Amino acid sequence: MNLVAYLSIFAGAALEGELVYISAIQAARAGYVDLSGAIAAFFLGTFCTDWFYFFTGRKQGRRYLERNEKLQLKAAKIDHLLANYGTLLLLSYRFIYGFRIVLPLLFGASKLSSSRFLLFSLLSTSIWVSVYGWIGYYFTNWLLEQLKSGRVLILVLGITLFVVLIALVKRYLIKANKT
């Protein structure tokens with residue numbers, strides 16, 4: 001067992017989630033680490049990170065919010081969202097890009113109970129790890145095959161030409177409307 005690899009996966013979950021996880025899955029595919037060990041290390045790292053931010057928000061959040069008017073408004077919005085869409089928000093926060101740290105902090109600063117956060121943190125982290133694990137395992141293999149065959153290059157060139165064509169048509173239409 002490569003303890004350093006699993007500790008790196010655990011720590012990487014806190015720093016850069018998706019990229020580290022997909023890399024860990026690929027390392028498991030290549031035989032450097034055990035797949036179930038990589039998944040467990042990542043799950044624990046992600047779960048502990050959420051709890052670190054939740055308890056930071058619980059201990060320091062209200063005091064910090066009292067000094068920052070903009071954040072008070074955001075915290076009130078989170079309280080409102082939790083009241084109206086709590087289950088959905090708690091299940092989906094891991095999937096909302098850019099809010100992986102902010103939402104657990106605000107959850108901690110809110111009136112959300114620790115037991116409710118525990119339940120939904122376990123559920124959402126399990127769902128997230130499953131979804132990204134599947135993507136990391138199957139999609140990256142497909143992507144590597146496409147890169148080796150050259151088909152992705154053709155696709156990228158086609159999309160680039162399409163975007164350029166749209167930009168040129170848009171530019172032409174703007175000029176035509178001005179005259």
Side-chain angles (χ1 to χ4, degrees), residues 6-29 33 35-143 155 159 162-163 166 170:
Y6 296 113
L7 288 174
S8 298
I9 293 168
F10 178 88
L15 301 173
E16 180 50 54
E18 292 88 350
L19 181 63
V20 169
Y21 189 41
I22 290 174
S23 298
I25 296 294
Q26 291 308 306
R29 287 186 70 142
V33 293
L35 180 61
S36 58
I39 292 170
F42 193 80
F43 177 88
L44 289 172
T46 300
F47 183 75
C48 290
T49 300
D50 285 353
W51 275 89
F52 169 78
Y53 289 121
F54 179 81
F55 280 119
T56 300
R58 180 66 34 112
K59 295 290 181 194
Q60 304 292 324
R62 286 288 166 194
R63 184 173 34 185
Y64 185 72
L65 288 172
E66 289 169 3
R67 294 182 291 183
N68 190 321
E69 229 176 278
K70 285 183 183 179
L71 284 180
Q72 284 178 11
L73 295 173
K74 289 182 182 186
K77 198 174 204 178
I78 289 293
D79 283 336
H80 175 73
L81 287 172
L82 280 170
N84 293 323
Y85 309 102
T87 301
L88 181 62
L89 185 61
L90 286 165
L91 280 175
S92 63
Y93 78 93
R94 297 241 20 66
F95 294 91
I96 304 171
Y97 182 77
F99 290 91
R100 188 171 73 102
I101 295 170
V102 173
L103 286 176
L105 280 168
L106 290 174
F107 291 155
S110 74
K111 299 168 187 160
L112 180 68
S113 73
S114 297
S115 59
R116 184 166 163 89
F117 184 71
L118 172 65
L119 172 69
F120 283 101
S121 180
L122 284 169
L123 276 169
S124 68
T125 302
S126 297
I127 293 167
W128 188 79
V129 165
S130 299
V131 168
Y132 275 93
W134 183 84
I135 290 170
Y137 195 82
Y138 293 105
F139 179 72
T140 55
N141 188 47
W142 174 84
L143 185 60
L155 179 64
I159 291 171
F162 182 71
V163 169
I166 288 175
K170 183 178 176 183

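No hydrogens, no waters, no symmetry mates; every other heavy atom, side chains included, goes into these values. Every value quoted in this text rests on a predicted model; they were computed, and no experiment measured them.
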One should read off an interatomic distance between Ile101 CD1 and Tyr53 OH, to the nearest 0.5 angstrom, of 3.5 Å

For Phe47, I'd like to know if atom CZ has over 12 heavy atoms of other residues, nucleotides or ligands within 6.0 Å.
yes

Please answer whether the main-chain N or O of Arg116 pairs with a side-chain N or O of Ser113 as donor and acceptor at a distance below 3.5 Å.
yes

Test side-chain hydrogen bond (donor to acceptor under 3.5 Å, both in side chains) applied to Tyr93 - qualifying residues, sequence neighbours left out:
Asp50

Could you walk me through whether Tyr132 and Ile25 satisfy the side-chain contact (heavy atoms from CB on, under 4.5 Å) test, starting with their C-alpha distance in whole Å, then the side-chain angles of each, then the deciding distance to 0.1 Å, before giving a yes or no?
CA-CA 9 Å; Tyr132 275 93; Ile25 296 294; over 6 Å; no

Determine which pairs satisfy salt bridge (Lys or Arg N to Asp or Glu O under 4.0 Å) with at least one residue from residues 35-49, sequence neighbours left out, and list them in order.
none

Could you check whether any side-chain heavy atom of Ser114 comes within less than 4.5 Å of a side-chain heavy atom of Phe55, counting everything from C-beta outward?
yes

Heavy atoms of Ala41 and Tyr6 approach each other most closely as CB-O, 3.6 Å

What verdict does the ring pair (Phe, Tyr, Trp, His ring centres under 6.0 Å) test give for Tyr21 and Phe42, after you've listed the backbone C-alpha separation in whole Å, the side-chain angles of each residue and the deciding distance to 0.1 Å?
CA-CA 7 Å; Tyr21 189 41; Phe42 193 80; 4.3 Å; yes

For a side-chain contact (heavy atoms from CB on, under 4.5 Å) check, start with the C-alpha distance between Leu112 and Leu90, then their side-chain angles and the critical distance, and finish with the verdict.
CA-CA 10 Å; Leu112 180 68; Leu90 286 165; 3.8 Å; yes

Search all heavy atoms of Gly45 against all heavy atoms of Ala13 and return the closest pair with its distance.
C-CB, 3.7 Å

Atom OH of residue position Tyr85 - does it have more than 12 heavy atoms of other residues, nucleotides or ligands inside 6.0 Å?
no

Could you walk me through whether Leu15 and Val20 pass side-chain contact (heavy atoms from CB on, under 4.5 Å), step by step?
CA-CA 8 Å; Leu15 301 173; Val20 169; 6.0 Å; no

Could you check whether the rings of Tyr138 and Trp134 sit parallel, tilted or perpendicular, using 30° and 60° as the cut-offs?
tilted

Working to the nearest 0.5 Å, report the span between CG of Leu44 and OG1 of Thr49.
10.5 Å

What's the spacing between Ser130 OG and Ile39 CD1 if we round to 0.5 Å?
8.0 Å

In a table with atom names and distances, give each donor-acceptor pair under 3.5 Å that connects a side chain of residues 117-129 to protein atoms at least two apart or in another chain.
| from | atom 1 | to | atom 2 | distance (Å) |
| --- | --- | --- | --- | --- |
| Ser124 | OG | Phe120 | O | 2.9 |
| Thr125 | OG1 | Ser121 | O | 2.7 |
| Ser126 | OG | Leu122 | O | 2.7 |
| Trp128 | NE1 | Arg94 | O | 3.3 |

Closest non-hydrogen atoms of Gly61 and Ala109, given as atom of the first, atom of the second and distance, are CA-CB, 3.9 Å

Would you compute the distance between atom CZ of Phe107 and atom CG of Leu103 and round it to the nearest 0.5 angstrom?
4.5 Å

